[in-house]
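In what follows, a structure is listed as structure tokens, so that the remarks can point back to it.
Lettering follows sequence order; numbering is per chain, from 1. Below, each value reflects all heavy atoms present in this structure, side chains not excepted, and no hydrogens, waters or symmetry copies.
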2 protein chains.
Amino acid sequence: MKRKITLKQIAKELGVSIGTVSKALKGSHEISEETKEKIQAFAKYYNYKPNNIALSLKNRKTKTIGIIIPEIVHHFFTRVIQGIEHLANKKGYNVIVGLSNESFDKEVINMEMLASGSIDGFIMSISKETLLKQDYHHLNETINQGMPIVMFDRVVSEIRCDKVIIDDVEAAKKAVNKLIANNCKHIALITTMDYISVGRLRTQGYIEALNKHEITTEANLILKVDDKLVSEDYIDVLEKEIKALFLMNPNIDGVFAVNELYAVTAMKAARNLGKRIPEDLQVIGFTDGVLSRHATPSLSTVTQYGHKIGEVAASLIIEKIESESSEDPVRTVVIETELIERESTK
Amino acid sequence: MKRKITLKQIAKELGVSIGTVSKALKGSHEISEETKEKIQAFAKYYNYKPNNIALSLKNRKTKTIGIIIPEIVHHFFTRVIQGIEHLANKKGYNVIVGLSNESFDKEVINMEMLASGSIDGFIMSISKETLLKQDYHHLNETINQGMPIVMFDRVVSEIRCDKVIIDDVEAAKKAVNKLIANNCKHIALITTMDYISVGRLRTQGYIEALNKHEITTEANLILKVDDKLVSEDYIDVLEKEIKALFLMNPNIDGVFAVNELYAVTAMKAARNLGKRIPEDLQVIGFTDGVLSRHATPSLSTVTQYGHKIGEVAASLIIEKIESESSEDPVRTVVIETELIERESTK
DNA sequence: TTGTAAGCGTTATCAG
DNA sequence: CTGATAACGCTTACAA
């Protein structure tokens with residue numbers, strides 16, 4: 001077990017100075033061909049690789065990007081990570097992941113840990129608890145210290161940083177319009193509490209779509225799921241709530257859900273009540289994950305192109321990291337969405 | 001935009017030496033209360049945080065763990081990451097993720113990148129291509145350089161390192177035994193090619209279970225899916241192959257699939273052929289992911305406790321990292337599995 | 001053509 | 001009690 005070899009050791013071994021070795025390995029023309037070859041051969045033989053940490057310290061750049069997200073089990077987030085990773089690697093960056101677990105404290109701690117030297121910039125989607133508390137001091141501090149941040153998905157407009165989002169209102173409208181076009185008369189909405197920005201915006205899109213078609217929105221067709229308590233029986237509770245919704249409003253013939261889990265659970269509840277999909281009930285979800293694709297019937301859904309979002313976020317952050325001027329304007333990139341029609345709609 | 005503050009700056013600002021500042025901030029009793037307070041107050045005000053990179057260089061420890069996995073979209077892997085992250089964070093470690101994308105070259109590059117200083121140890125599941133080539137030089141080199149590795153899931157026994165696995169043979173037996181007990185007479189197997197160790201072992205378990213019950217294994221009831229080509233229509237192809245299997249062998253009344261995707265797709269194919277689940281056909285999958293839970297009918301499956309696997313892997317690697325002796329024996333930890341019975345079996 | 005030395009931010013040892 | 005110095009591994013301007 002030989003420890004990793006360093007310039008110093010090579011220098012000693014070959015009886016030259018450490019500076020010479022450094023230059024030789026970079027192929028500097030300051031060094032004679034002869035010594036260059038000798039040094040390079042030696043380095044290759046011992047599989048020399050410069051120590052990243054030393055480089056980081058010297059350059060004050062780590063060439064790594066920190067990702068902070070609430071949860072990794074959501075398919076959407078894994079797609080985004082994939083996208084980030086893909087582009088980052090291409091540009092020679094590494095990616096370090098911190099999970100906030102939807103907790104404010106963990107988000108803060110994780111960010112502080114990474115911000116002190118480990119990374120050059122953050123890409124993040126903030127936790128529910130942070131959203132609830134509306135305490136963004138950690139974000140502002142990081143930015144003030146010259147560390148760039150790119151937010152995606154759950155963004156907050158007050159923060160002065162680049163953002164990558166989708167047009168949630170438009171996307172929701174697209175979905176609801178489709179249901180209306182398909183002749184749904186009583187469209188239910190299954191959404192999150194309003195403090196989740198994306199949920200709120202999708203709700204807004206739902207309402208706007210109905211309004212435009214002069215359909216009155218009925219409060220009892222809107223189910224706002226309180227998922228603060230992600231417990232064991234979370235799904236059972238959800239299914240019961242949805243079932244109650246259907247029972248109270250037997251005329252529901254369309255459902256728009258703000259994520260795929262809600263949508264799939266709605267399908268399940270509906271089927272248990274003897275409703276056929278899409279004949280009696282049409283369903284559209286949000287986010288194109290494994291569930292949507294492999295559900296039976298497969299779920300029509302609004303796809304968010306998570307991979308694309310990740311790539312754009314990565315390119316934005318790298319651009320910021322590598323730009324000299326610390327004061328360029330903040331940008332917000334809107335990534336398109338698409339309605340994918342599958343078996344749950346006619 | 002003030003750059004992050006350093007000991008040097010504090011020292012200059014306060015007119016003391018840099019060493020004094022360092023000691024004062026660690027609460028050393030060498031320093032007078034007075035100066036300590038002064039320095040600490042100042043540091044707090046400017047939100048001083050020691051620079052991790054400098055510490056890493058000094059201590060030759062980065063306090064971060066590298067994870068190399070083939071893909072992040074598999075629910076099982078995200079559970080493992082979660083587990084690793086959880087335990088690692090608790091012990092003050094960060095986690096850096098590298099995706100090999102099932103490619104040998106990317107695996108090698110990623111490892112080399114991380115191995116040169118960025119991390120203290122690896123936790124990994126190796127790519128299909130590496131398995132196919134059986135070229136493990138990068139693993140051996142890393143280990144030889146004194147960097148510990150813990151393998152999980154797709155392990156290779158030749159490599160001298162700690163491993164966290166499940167007993168695939170036993171787990172598969174458990175599943176098949178269940179089907180037999182449930183009165184299935186013609187049990188099909190949907191598995192991977194043999195070079196994937198977990199697939200091979202689960203296949204072996206299937207055969208052993210049948211043998212023990214003196215059921216002859218019929219070659220045409222075994223479908224080995226060649227998923228080298230993960231293309232767009234991968235799923236369609238899969239579904240067609242499974243459909244063909246059912247058509248050729250109409251007497252199939254049980255299916256054991258080595259992952260949840262195969263299982264869910266089998267259910268879909270079966271239903272399209274008019275088979276009822278579980279009345280006409282019982283299905284058991286492997287890995288308890290979102291698909292299993294939210295499929296209709298929900299899927300009986302062997303759960304692998306990915307979170308647990310991650311935690312154990314993390315604790316093994318941290319132990320190795322922090323142990324002085326470089327020559328302790330290699331351990332293989334077997335994590336239990338459990339058969340979860342849901343709606344797809346009687 | 002090669003070597004020297006400063007510096008990146010810390011900590012630890014040893015003098016003062 | 002405080003300060004100077006070396007060291008971690010590397011790059012680079014400058015000196016030899």
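In this structure, A:Thr20 reaches the C:dG3 phosphate: one of its side-chain N or O atoms is under 4.0 Å from OP1 or OP2. Distances shown here put a side-chain N or O of B:Ser22 below 4.0 Å from the OP1 or OP2 atom of C:dT11. Distances shorter than 4.0 Å separate none of the side-chain N or O atoms of B:Lys26 from OP1 or OP2 on C:dA12. Dashed line: the shortest gap from a side-chain N or O of B:Thr35 to OP1 or OP2 of D:dT2 is under 4.0 Å. Not one side-chain nitrogen or oxygen of A:Arg60 sits closer than 4.0 Å to the OP1 or OP2 atom of C:dG7. An OP1 or OP2 oxygen of D:dC10 is reached within less than 4.0 angstrom by a side-chain nitrogen or oxygen of A:Tyr48. An OP1 or OP2 oxygen of D:dG3 is reached within less than 4.0 angstrom by a side-chain nitrogen or oxygen of B:Ser17.
As a whole-Å value, the separation of A:Asn59 CG from D:dT11 P is 8 Å.
Between B:Lys61 and B:Asp120 no salt bridge is recorded (no basic side-chain N to carboxylate O distance below 4.0 Å). Between B:Glu311 and B:Lys308 no salt bridge is recorded (no basic side-chain N to carboxylate O distance below 4.0 Å). With respect to B:Glu30 and B:Lys36, no salt bridge is recorded, no charged nitrogen being found less than 4.0 Å from a carboxylate O.
Nucleic acid contact for B:Lys58: base, since at least one base atom lies under 4.0 Å from a heavy atom of the residue. Among the heavy atoms of the strands lying under 4.0 Å from B:Ile18 is at least one base atom, whether or not backbone atoms are also near.
Here the side chain of B:Asn140 pairs no donor or acceptor atom with the backbone of B:Thr142 at under 3.5 angstrom.
For the pair B:Pro50 and B:Lys23, both in contact range of DNA chain C, the more 5′-proximal nearest nucleotide belongs to B:Pro50. Where B:Asn51 and B:Glu30 each meet DNA chain C at their nearest nucleotide, the meeting point lying more 5' is that of B:Asn51.
Evaluation of atom-type donor-acceptor distances gives no pair under 3.5 Å for the side chain of A:Lys4 against the base of D:dG9.
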